[in-house]
2 protein chains.
Amino acid sequence: MDYNQFKHCGLNVALGILSGKWKAIILYHLFHQESMRFTELWRIIPKVTKKVLLEHLKQMEHQGLLIRSEVNTFPPEVYYKLSDKGKALAPALSALEVWANEYAREEVDLLKSK
Amino acid sequence: MDYNQFKHCGLNVALGILSGKWKAIILYHLFHQESMRFTELWRIIPKVTKKVLLEHLKQMEHQGLLIRSEVNTFPPEVYYKLSDKGKALAPALSALEVWANEYAREEVDLLKSK
DNA sequence: CAGTATCCGACCGGATACTG
DNA sequence: CAGTATCCGGTCGGATACTG
């Protein structure tokens, strides 16, 4: 196995971008649904507050992972979807998922049961 | 691309395990060197304090990513190396690295220059 | 050398109420 | 509906000094 494949700089950046309590679940839903409204995300993610969800979405938007678009009506409609940069995370995220299911089964099952 | 490959539970667990300011760089060095002494790690990682480095190493040991072994002499010698569980992270970590270099070049270069 | 004990500030996530 | 304004407690990383 060639361990020279990764260096810590890029890894640090990637992990930094993915850090945040709700990032995984946000990405998960947007990978499965392609465009969701704010309230839709809010209701589907248990127990996150609007403020925190908004902060996460803003960060991810500024980092170019998400694209935010609003329909200018009243009441407003705002949609979030993955950008190409966000979609490109798929292989890495699924590799992490595979690893967790293979090597951290207990923690995963514990989390599922909650 | 099949986005059903990953679910958020495993992803959450994996990201949780990898969260911590110095995790990336610790893993990086241990992937490249197979067994390092505490002080060796401490000197090679810029600006981390002993306490924090120790906390990170302890966590990673408890999560089964690292194996700690001590030679009972005075002064003590303690070695850290990757376990199989830790080594199995390689594909996922290098996928993250690849993504960062491809899609987050600016941040990576910025980090490198520091 | 490796590890522990204190103390501290900054940041992060959360609760609640309010607004265009 | 989507977003903002405050306030708050806990956790995380860091500085420093000490110990087996």
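Every chain is numbered from 1, with letters handed out A, B, ... down the list of sequences. Only this structure's heavy atoms are used, side chains among them; waters, hydrogens and symmetry mates stay out.
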Point to revise | Check: W99(B) side chain, A104(B) main-chain N or O, donor-acceptor pair, under 3.5 Å | key: no

Point to revise | Spacing between Y79(B) atom OH and dG3(C) atom C1', to the nearest angstrom | key: 17 Å

Check your understanding: Does dT19(D) have a Watson-Crick or wobble partner in any strand here, with both distances under 3.5 angstrom, and which is it?
Key -> dA2(C)

Check your understanding: If you count the non-hydrogen atoms of other residues, nucleotides and ligands that lie under 6.0 Å from NZ in K81(B), is the total more than 12?
Key -> no

Practice item. Round to the nearest Å and state the distance from L53(B) atom CG to dT16(D) atom P. Key: 18 Å

Practice item. Check the distance between dC1(D)'s C1' and N72(A)'s CG and give it to me in whole angstrom. Key: 13 Å

Practice item. Starting from the 5' end of DNA chain C, give me the residue, P76(A) or G20(A), whose nearest nucleotide shows up first. Key: G20(A)

**Study point:** CG-CD1 distance between L18(A) and I26(A), expressed to the nearest 0.5 angstrom
**Key:** 11.0 Å

Revision key, fill the gap. F38(A) has its side chain closest, among dG3(D), dA15(C), dC1(C), to dG3(D)

Review point. In whole Å, what is the span from the NZ atom of K51(B) to the P atom of dT19(D)?
Key: 18 Å

Check your understanding: Do Q59(B) and K23(B) have side-chain atoms, one donor and one acceptor, less than 3.5 Å apart?
Key -> yes

Check your understanding: How close or far is atom P of dG14(D) from atom NZ of K50(B), stated in whole angstroms?
Key -> 16 Å

Point to revise | Rounded distance [0.5 Å steps], OH in Y80(B) versus CD in Q33(B) | key: 15.0 Å

Point to revise | d(NZ, K23(A); C1', dC12(C)) in whole Å | key: 11 Å

Review point. Taking atom P of dT16(D) as reference, at what distance in whole Å does atom CH2 of W42(B) sit?
Key: 12 Å

Exercise for review: Among dG13(C), dG14(D), dT4(D), find the nucleotide with the atom closest to the side chain of L54(A).
Suggested key: dT4(D)

Review point. Whole Å only: how far is the OH atom of Y80(B) from the C1' atom of dC1(C)?
Key: 11 Å

**Study point:** Polar pair under 3.5 Å, donor/acceptor by atom type, side chain K21(B), base dG13(D)
**Key:** no

Practice item. State whether the side chain of E70(A) and the backbone N or O of V78(A) hold a donor-acceptor pair below 3.5 Å, judged by distance alone. Key: no

Check your understanding: In terms of side-chain geometry, is the basic nitrogen of R105(A) or E107(A) positioned less than 4.0 Å from the acidic oxygen of its partner?
Key -> no

**Study point:** Comparing P75(A) and V52(A) on DNA chain C - which has the more 5′ nearest nucleotide
**Key:** V52(A)

Review point. Do the side-chain N or O atoms of W22(B) get closer than 4.0 angstrom to the phosphate oxygens (OP1, OP2) of dG14(D)?
Key: yes

Point to revise | Sorted by number, the residues of residues 58-68 of chain B with heavy-atom contact under 4.0 Å to DNA chain C | key: K58(B), R68(B)

